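Hydrogens, waters and symmetry mates are skipped; everything else that's a heavy atom, side chains included, is used. This one's a predicted model, so the numbers in the text were calculated from it and none came from an experiment.
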Amino acid sequence: MPKVFEDETKFCSPVSENLAKFIKMGCTQKGDVAKYLDEIKIPENCKNLTPPLINPEIWNNLYVNVQQRDKTIQEAQKILGMAIVPMLKLAEMFKKNKFDMKGAKTYVSDAVTLSCNAMKEINVRRRYLLRPFVHKRFQQLCSASTPTEEKTLFPLDVTKRMKEFADASKINKQLLSNSLNSSNFSISKNFRGRPYRDKAGPHS
């Protein structure tokens, strides 16, 4: 695989600040793409834009957790496939020399929004795939809620976030301990470990 982005010279001049903010938000925050599921249809002669299924002979011999991981990647692929459809519509518009400015803006907006969302979803899936293989103290970072940085899959302040997780865990344990200690179902015992009874007997 070519090392495209390791060299800073591979990047070009910046786009407008507003567009850059839009890209950053789309790639790092959860977006609602539900409306696109109904509005955007894959052309019948472009079925390669849909995630290919795993052959039954192989699928039926996979562990359930492996099947689930593949399904999550398929979901990200579906979004990416939908993102390409508006680009095709735009290309068709140029080909027919019937340029519609309003339609073109919609196609571009849909393509960028869905592409950014696909980038976000793929980042989340990468974390899920890494989770079983990283040290257990870092596994809490392998979630959808953990923000990504511009160049790193995990936050730069990993040490600080791990301390926050540890502090939160200590607080939860302390609250649980206090709750158990204040409960009413504990039984007083004498020094021999038997339930305490007064001298008058149990029925007095």
Neighbour count >12 (heavy atoms, 6.0 Å) for atom CE, Met87: yes
Atom CZ of Arg69: over 12 foreign heavy atoms under 6.0 Å: yes
So do [Y] and [X] actually touch side chain to side chain, heavy atoms under 4.5 Å?
X      : Y      : result
Leu130 : Phe154 : yes
Lys120 : Ser115 : no
Ile79  : Glu121 : yes
Leu141 : Val134 : no
Thr28  : Pro147 : no
Tyr107 : Met93  : yes
Thr106 : Asp110 : yes
Leu53  : Trp59  : no

Nearest-0.5 Å distance, [atom1] of residue [X] to [atom2] of residue [Y]:
X      : Y      : atom1 : atom2 : value
Leu49  : Lys78  : CG    : NZ    : 14.0 Å
Ile122 : Asn117 : CD1   : CG    : 10.0 Å
Met82  : Glu39  : CE    : CD    : 10.5 Å
Cys116 : Lys24  : SG    : NZ    : 13.0 Å
Lys30  : Met25  : NZ    : CE    : 14.5 Å
Asn123 : Thr152 : CG    : OG1   : 10.0 Å

Test ring-ring contact (aromatic ring centres under 6.0 Å, His included) applied to Phe99 - qualifying residues, sequence neighbours left out: Phe94
Polar contact flag, side-chain donor to acceptor under 3.5 angstrom, Ser143-Thr146: yes
Asp70-Gln74 side chain donor-acceptor pair, cut-off 3.5 Å: yes
Members besides Tyr128 in its Ile/Leu/Val/Met/Phe/Trp/Tyr cluster (side-chain heavy atoms under 4.5 Å): Val124
Pairing of Arg125 and Glu75 as salt bridge, 4.0 angstrom limit: no
